[in-house]
Structures are given as structure tokens and as C-alpha cells.
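Step one of this worksheet: look at the structure below.
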Amino acid sequence: MLDLAFVRDNIELVERKLAERGSALRLDRFREVDSSRRRLLTEVELLKSQRNKAGDQIGALKKSGGDASAIIAEMGGISDRIKLLDDRVKQVDEELREILTTYPNVPHETVPVGRSAADNVEVRRWGTPREFTFKPKAHWELGEQLGILDMERGAKIAGARFGVYWDGGARLERALGNFFLDTLTREHGYREVLPPAIVNSASLFGTGQLPKFAEDLFKLEGSDYWLIPTAEVPVTNLYSGETLDAADLPINLTAYTPCFRSEAGTYGKDMKGVFRNHQFQKVEMVKFAHPDHSYEELERLTGNAEALLQKLGLPYRVMALCTGDMGFGSAKTYDIEVWLPGLNEYREISSCTNFESFQSRRAGIRFRTGSKGKSELVHTLNGSGLATGRSWIAVVENYQQADGSIEIPEALRPYFGGTDRIPALKK
RNA sequence: GGAGAGGUGGCUGAGUGGCCGAAAGCAACGGUUUGCUAAACCGUCGUACGGAUAAUCUCUGUACCGAGGGUUCGAAUCCCUCCCUCUCCGCCA
């Protein structure tokens, strides 16, 4: 959510910036609602002030045994008027809030202007895609062939877009999760946290999924419980409504959780395998940073995710998302795309974003310098480090051998009990 | 699931209809003094949204005592609903 005063004072700037994102806006409506809200507030607050004064008089009169009935009768009318105006203020507040909460974030000045993914800018590239002496297979073929990924039974017990991992496949997923968490906590200064995979709607509002993107989520019937689409939601909201100490910033947290997405509107897209499932696992990194340093932290966060891919020996490229392709709350996002030989393309494996104060304003996450300073909103950032479901795909496809087995990357072997491969099934 | 207790400012904790944005203590901050790594004393000490103003300074108004609604001229205080915490019992991974 953008700051009310900021939008009011910079309305042309906001209009231009949001147009770059391809957002159709109601800024004139904003202006109208905002000024009528202020008019109403002035009026009703004046009346309340009168009421409070009269209340003091009534109290004093009653105490001294005087007759207050005249004032009380007069106040009845004012109270009715206040009630009426309060209702209107409430309506106007709601509309203003609705307008503000549907505005996406203002992109940072360094974000390339563009309309779609085609306008994203490649920032750098690491590693060279391996030359295969055979035609590399896609992960769903390999998974089935090796008996480690079972889409059929996933569909049977749950439905489309669910998979079951067996044996080395299950172990690979677990190894990746542990490897990521260990590396982030031991080498990059993150603190590990294991939050609920279910949150309430207030948390989803805080990080910006609600109210606009409810259709992307799974809601538990008859409750205010929702399955998390990413650990970003519970972890960012850990500090909602709290004031942090500036000396503690940046705070770096990491969590390994399942993620659930309805994938509404993606029918037919990435239907094979586990690239786009309703449930997947992911290690998420979340940062709470001082506004003066949040862009340094974004670079660091992105670098932390890259380091994981480098340790796994997986080629990737880093893309700066353009204004038209960024997420709703993002001020700036880098996507990291890993090379998938089976698909013969780079595909997203991590998305690293600086939300600036877009989330912290909604969630009420502040910091204070010393015990005297005025509290300010922190900047929140997050990125996958990494999506284990997609890392699984990348390992399987990049490390497949001519005999159909999968070599285990060096870095993962300690998590595989010394085994260096997932063997091909004997026929 | 059953029974009970409770949610007040950074913390502890008073307050059962007007004199309460809220006592007192602690913590924090500024100062004075003594002096030494501490004490005493004085003062300051919430947030949000409006208005005035050149001003994020200052002045001023309103709202906020878990959330929402109701009663009333007037609600932290009375009533209703919900949420959360604690205790005991039951059940259970």
C-alpha cells in the first residue's frame, strides 16, 4: 500500500509511475474521495469537540445538583448528526482504503520500463549449459523412469498438479531443503524459523496477497484459515504491528515450508511434471532492512540465492524484471532463472524483491533508532533460496547420465549418506 | 470438546458511566547535584488521522484501554458477538 500523504502530494508522479506498470488507475476518484473525507472529518470532529465540551458541563452540573436537561436535549440532536457523519466517514474511509490497497507499488528508478516478460533485462549469467552426448530428457520422463516421481498416483490421491516423490526422489527434495537452510544459516547470516503453513487473512493482507489475489489461494472452508502460497507470508508477518530496534537491522530470516497455490488461470500451462504444482516446497529468505540500505540488501539477497546455484553447479541467469512484469507489491525484482536442459530453456527458480515500505505499511512493521527516535517503516525484502521443487527439477535434468541415472551434485552428497547417484531402475 | 479466569500505554499495574489518554511503579530520554561507573532530585516520556503554519518544529482538534457492534447527552467502565491468553478436566499426534 502506498502512503496516503505521498499519493496526495505526488499524484502526477504516482500516475506516471503506475502507468509504466500498465495499471489503469482511478486517481481522479482518489482525489475526490480524499478531499471529501477531509471535509467530513473537519465537520464531524468539530461536532465531537462540542459534544465533549457539553459533556463536561453536564457532568459538572450533575455533580453540583444543577439541572442539565436543557443541554442534554440539545446534545441529542448533535449526537444524531455525529452518528450520521461517522457513518459517512466510515464509507469514505473504506473507499479510500480500497482505492489505495489496489494500487501496486511504485517501481524503483532503476527498474527497466517495459510491458511484459519480453522486456526484462538480463543482468548477468553464470555457468555454461552442459553439452550432452545424448538427448537430455525432461524431469517427468526421468522421474517416472527412475521410479522417483509418480504423477499418476499424485493425481489419484489428490488431483492434477500434484506429485508423489519416492525413494531417491523424496530424499533429493529433503537434501535440497537441508542444504539450502544449512548454507543460509551457516554462511550468510540467516536465522532459521519454522512458521505455520496456515495463516489468517490479516497476514495475507499484510504482505499484499489480499484483497486482490484471493483467487490464487486455497482457503479452508468455514474458517479464516488459508494455506500459505509462500513462507513470505508467515515470516514477514512475524513482526507485524511491532517496532524493531534499528540496531538489529537488517534481520535475516529463512524458512523451509510447503507452499500452496491454486494456479487459477494457468490452465494448460506447464502441466507436465512438477514445475507448476498446487503444492511445492520452498526455502524462503526474508529481510527486514533499514530504508537507507534496502537496495544493498536486495543485491545481497540475490547473491545469496545465486551462491546456492553455484554450489550445485547449476547454470543460471539473473533478470531484472521490467515495470510491466513485476509483482504487485514490488519496487524492484530480480528473477533468477536456472538452465533446464530437458526444456531447453532458462526458467524461474527464485524471485528476489524489495518491497520497500509497501508491505510494512500494511502490516505495521516499524523500527526506531535508539529509544527516542521517531518510528519509521522498515523495508521488507524476500526471495526464494531456493524453491526446492524446481531445484529438484534442475538437478535431475542437469545431472542426468547416459544410463538414465542421476548424479548427485558434490554439495548434496553429505545429505545423501555418501551415495553419489540415484540409480536407474533395473529392468 | 467441558468448566472457569483474564486481555489497559515499552513493561508491571490501578481504574465499574462524566473530574480518564488514563494513577502509581519500573524502564527510557533530558537536566541538576553529589561524585564515580552508581544514587538522589526535577522534567520529558504512545500512535493514527485532520486543521492552522513556510515547516517532518510548534499550536490545536478527533479517535484509539484485544476486535466489531449496541445502550447513553456521555463508555476503558454497562450489554452482545468474535478473537486471543491462562488454569483445571477430557481427548489426542
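Below, chains carry the letters A, B, ... as their sequence lines are ordered, and counting in each starts from 1.
Nucleotides B/U33 and B/C42 place their C1' atoms 11 Å apart, quoted to the nearest Å. Taking the C1' atom of each, B/G18 and B/U72 are spaced 12 Å apart, rounded to whole Å. Comparing B/C83 with B/U53, their P atoms sit 48 Å apart, to the nearest whole Å. Comparing the P positions of B/U12 and B/U8 gives an interatomic distance of 7 Å, to the nearest angstrom. Nucleotides B/A76 and B/A67 have their C1' atoms positioned 14 Å apart, rounded to a whole Å. Distance check on atom P: B/A23 versus B/C45 gives 12 Å, rounded to whole Å. Comparing B/G2 with B/C92, their C1' atoms sit 16 Å apart, to the nearest whole Å. B/A24 and B/U77: their P atoms are spaced 22 Å apart (whole Å).
Across all strands shown, B/G10 is found opposite B/C26 as a Watson-Crick or G-U wobble partner, with both distances under 3.5 Å. B/C49: Watson-Crick or G-U partner is B/G61, with both key distances under 3.5 Å. In this entry B/U81 has B/A67 as its Watson-Crick or G-U wobble partner, both defining distances falling under 3.5 Å. When Watson-Crick and G-U wobble pairs are counted only if both distances are under 3.5 Å, B/U37 pairs with no nucleotide at all. Base pairing of B/A54: no nucleotide in any strand meets the Watson-Crick or G-U wobble criterion (both distances under 3.5 Å). Pairing partner, B/U87: B/A3, with both Watson-Crick or wobble hydrogen-bond distances short of 3.5 Å. Remark: B/G74 base-pairs with no nucleotide; criterion is Watson-Crick or G-U wobble with both hydrogen-bond distances under 3.5 Å. Base-pair partner of B/G21: not found among the strands shown (Watson-Crick or G-U wobble, both distances under 3.5 Å).
Residue A/N52 places at least one side-chain N or O closer than 4.0 Å to OP1 or OP2 of B/A63. In terms of phosphate contacts, A/K48 brings no side-chain nitrogen or oxygen within less than 4.0 Å of OP1 or OP2 of B/G51. Residue A/R38 places none of its side-chain N or O atoms closer than 4.0 Å to OP1 or OP2 of B/G61. Neither OP1 nor OP2 of B/G51 sits under 4.0 Å from any side-chain N or O of A/T42. Distances shown here put every side-chain N or O of A/R51 at or beyond 4.0 Å from the OP1 or OP2 atom of B/C73. Phosphate contact (OP1/OP2 of B/G50, side-chain N/O of A/R8, threshold under 4.0 Å): present. Between A/T243 and B/G10, a side-chain N or O to OP1/OP2 separation shorter than 4.0 Å is absent.
A/D245 has its CG atom 19 Å from the P atom of B/A27, to the nearest Å. In this structure, A/L41 atom CG and B/G61 atom P are separated by 16 Å, rounded to whole Å. A/F367 places its CZ atom 18 Å from the P atom of B/G10, with the value rounded to the nearest Å. At whole-Å resolution of the value, CG in A/L377 and P in B/A48 are 9 Å apart. Remark: P of B/C11 and CD of A/E242 are 11 Å apart, rounded to the nearest angstrom. Distance CG (A/D80) to P (B/G74): 9 Å, rounded to an integer number of Å. Rounded to whole Å, the distance from CD on A/Q50 to P on B/A63 is 13 Å. Distance, A/I82 CD1 to B/G74 C1': 10 Å, rounded to whole Å.
Sequence order on RNA chain B of the closest nucleotides to A/K53 and A/K62 puts A/K62 first from the 5' end.
With B/U62, B/A48, B/C73 as the candidates, the nucleotide lying closest to the side chain of A/S49 is B/U62. Among the nucleotides B/G18, B/G51, B/G61, the one closest to the side chain of A/I58 is B/G18. Among the nucleotides B/G69, B/A48, B/G50, the one closest to the side chain of A/K90 is B/G69.
Between A/H290 and A/F367, the ring planes lie tilted relative to each other; the angle falls in the 30° to 60° range.
Residue A/R39 is classed as having no contact, given no heavy-atom separation below 4.0 Å to the nucleic acid. Across all strands shown, A/L4 has heavy atoms under 4.0 Å from sugar-phosphate atoms exclusively, and none from any base.
Checked for salt-bridge contact, A/R97 and A/D93 miss the test: no charged N lies under 4.0 Å from a carboxylate O. Taking 4.0 Å as the cut-off between side-chain N and carboxylate O, A/E263 and A/R261 do not count as a salt-bridged pair.
Both tests pass for A/R347 against the ring of A/F275: distance under 6.0 Å to the centre and angle within 45° of the axis. With a 6.0 Å cutoff to the six-membered ring centre and a 45° limit on the axis angle, A/R174 does not count as a cation-pi contact of A/Y415.
A/D335 and A/S351 are linked by a side-chain donor-acceptor pair at a separation below 3.5 angstrom, with hydrogens and angles left out of the test.
Aromatic pair A/F260/A/H278: ring centres not closer than 6.0 Å.
Remark: A/K83 pairs with no residue by the side-chain contact (heavy atoms from CB on, under 4.5 Å) rule, at least two apart or across chains.
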